[in-house]
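So the structure is just underneath, and the comments pick up after that.
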Amino acid sequence: MKTVSENAAFGGVQGVYSHTSKVCQGDMTFALYLPPAAVEGPVPVLWYLSGLTCTHENACVKAGAQGWAAEAGIALVFPDTSPRGETVADDNAYDLGQGAGFYVDATQEPWSPHYNMWSYIADELPALVFEKFDLIPEAQGITGHSMGGHGALTLAMNRPGLYRSVSAFAPIANPAGSDWGRKQLGAYLGPDESTWARHDATLMMRETGFPRPVLIDQGCDDQFLDLLKPEALAQAIAKRRQPGEFRMQPGYDHSYYFVASFMEDHINYHANLLHGV
């Protein structure tokens, strides 16, 4: 692991690091914020998964999370959204290929050699982070925005023993039924739609749900509502009687202004569950 940068922030340290990933077969970059409490001992960790076209940098700079994390005493990890590099397959469209890994392990060519973001986020990167930093492996939460909200919800429902808490900002809620999903899942996983189900938050909510309360915020003025399909996930939550909150926020769109506006709520939600481990 190489240190790209480290800066003081809210009494803690905001770092950016790179390393060679075996599962993605190339170099990856991630950001990690350590709160002031990390000086005194291990702290819980919250994973933040970003959306289409993003890198580790978008949420790290725009989400306003570090100040709230410093107060709550939790660390933040901001991974990249895909493998990158000249030898990594890509597409001319913004919503497929580099910057659009969709948090799956690809099984189809030309994507399968590098696009293994599911294993990277759930297994490889945590192993590295817990080896290098003083964090609590038993106290992990996960959240994300848009494509990252999709990743956070599906990872949490598939791996409930790994994450103590899950939330999402404007997630791609039903990708198997949306143009933001059918294209990507078909490309990465192939035409057999039965392999898509574990990567669809609505279908996973119907099947398993999450053993603890969830928190989801969605802007009512989001310009991508027809692609996100929040109503499908809301109906699945209601039918399952899943504990938690699904909040439609009047006036808010899909931007990081929306994310930053409700970041304090999400940090506090995760902190309450993570510190209770």
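All residue numbers refer to positions in the sequence shown, counting from 1. Atom set for the values below is all heavy atoms of this structure, side chains included, hydrogens, waters and symmetry mates excluded.
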Can you tell me how far the [atom1] atom of [X] sits from the [atom2] atom of [Y], to the nearest 0.5 Å?
X	Y	atom1	atom2	value
Phe210	Met205	CZ	CE	9.5 Å
Leu203	Leu233	CG	CG	10.0 Å
Leu225	Cys220	CG	SG	7.5 Å
Glu231	Met248	CD	CE	8.5 Å

If we count only N and O atoms by modelled type, under 3.5 Å, do the side chains of Asp27 and Ser18 hold a donor and an acceptor together? no
For residues [X] and [Y]: do they belong to one hydrophobic cluster (side chain heavy atoms under 4.5 Å, members Ile, Leu, Val, Met, Phe, Trp, Tyr)?
X	Y	value
Phe169	Tyr257	no
Trp68	Val43	no
Leu274	Tyr33	no
Met1	Val45	yes
Val13	Leu76	no

Asp217 vs Phe258, test: side chain to side chain contact (heavy atoms under 4.5 Å, CB included). Steps then yes/no. CA-CA 9 Å; Asp217 276 304; Phe258 157 67; 4.0 Å; yes
Where the side chain of [X] meets the backbone of [Y], is there a donor-acceptor pair that is under 3.5 Å apart?
X	Y	answer
Gln25	Lys22	no
Glu124	Ser119	no
Thr81	Ser50	no
Asn116	Val23	yes
Ser167	Thr143	no
Asp91	Leu96	no
Gln184	Asp95	yes
Asp200	Ala197	no
Arg240	Thr208	yes
Gln98	Gly85	yes

Using every non-hydrogen atom in the two residues, find where [X] and [Y] come nearest and quote the distance to one decimal.
X	Y	value
Leu155	Ile121	CD1-CG2, 3.8 Å
Gly73	Ala37	CA-CB, 4.3 Å
His56	Phe30	CB-CA, 4.1 Å
His19	Leu125	NE2-CD1, 3.9 Å
Leu162	Ala122	CD2-O, 3.6 Å
Ser146	Leu228	OG-CD2, 4.3 Å

More than 12 non-hydrogen atoms from neighbouring residues, nucleotides or ligands closer than 6.0 Å to [atom1] on [X], yes or no?
X	atom1	answer
Asp192	CG	yes
Glu207	CD	no
Gln108	CD	yes

Between Arg159 and Asp123, does at least one N-O distance fall below 4.0 Å, as a salt bridge requires? yes
Classify the angle between the aromatic ring planes of [X] and [Y] as parallel (below 30°), tilted (30 to 60°) or perpendicular (above 60°).
X	Y	result
Tyr48	Tyr256	tilted
His145	His254	tilted
His270	His266	tilted

Tell me whether the centres of the aromatic rings in Tyr252 and Phe262 are closer together than 6.0 Å. yes
Ring centroid separation for His150 and Trp180, is it under 6.0 angstrom? no
Are side-chain heavy atoms of [X] and [Y] found at a separation under 4.5 Å?
X	Y	value
Leu135	Gln140	no
Leu215	Arg247	yes
Leu153	Met204	no
Pro243	Arg212	no

Go through the steps to decide whether Gln66 and Cys60 satisfy the test side chain to side chain contact (heavy atoms under 4.5 Å, CB included), and finish with yes or no. CA-CA 8 Å; Gln66 291 91 336; Cys60 184; 3.8 Å; yes
For Trp118 and His199: C-alpha separation, side-chain torsions, deciding distance, then whether side chain to side chain contact (heavy atoms under 4.5 Å, CB included) applies. CA-CA 10 Å; Trp118 180 278; His199 300 292; 3.2 Å; yes
Go through it in stages, so that I can follow the logic: the residues are Glu138 and Arg164, the test is salt bridge (Lys or Arg N to Asp or Glu O under 4.0 Å), and I'd like the CA-CA distance, side-chain angles, deciding distance and then a yes or no. CA-CA 8 Å; Glu138 297 79 18; Arg164 296 286 303 178; over 6 Å; no
Would you please name every residue forming a side-chain hydrogen bond (donor to acceptor under 3.5 Å, both in side chains) with Tyr103, sequence neighbours left out? none
Quick one: which of Ile172, Asp179, Asp222, Asn174 gives a side chain to side chain contact (heavy atoms under 4.5 Å, CB included) with Leu227? Asp179
Kindly indicate, with the supporting measurements, whether the criterion side chain to side chain contact (heavy atoms under 4.5 Å, CB included) is fulfilled by His275 and Ile74. CA-CA 9 Å; His275 284 299; Ile74 62 175; 3.8 Å; yes
Checking Trp111, Phe102, Trp196 against Tyr188 for ring-ring contact (aromatic ring centres under 6.0 Å, His included), the one that qualifies is Trp111
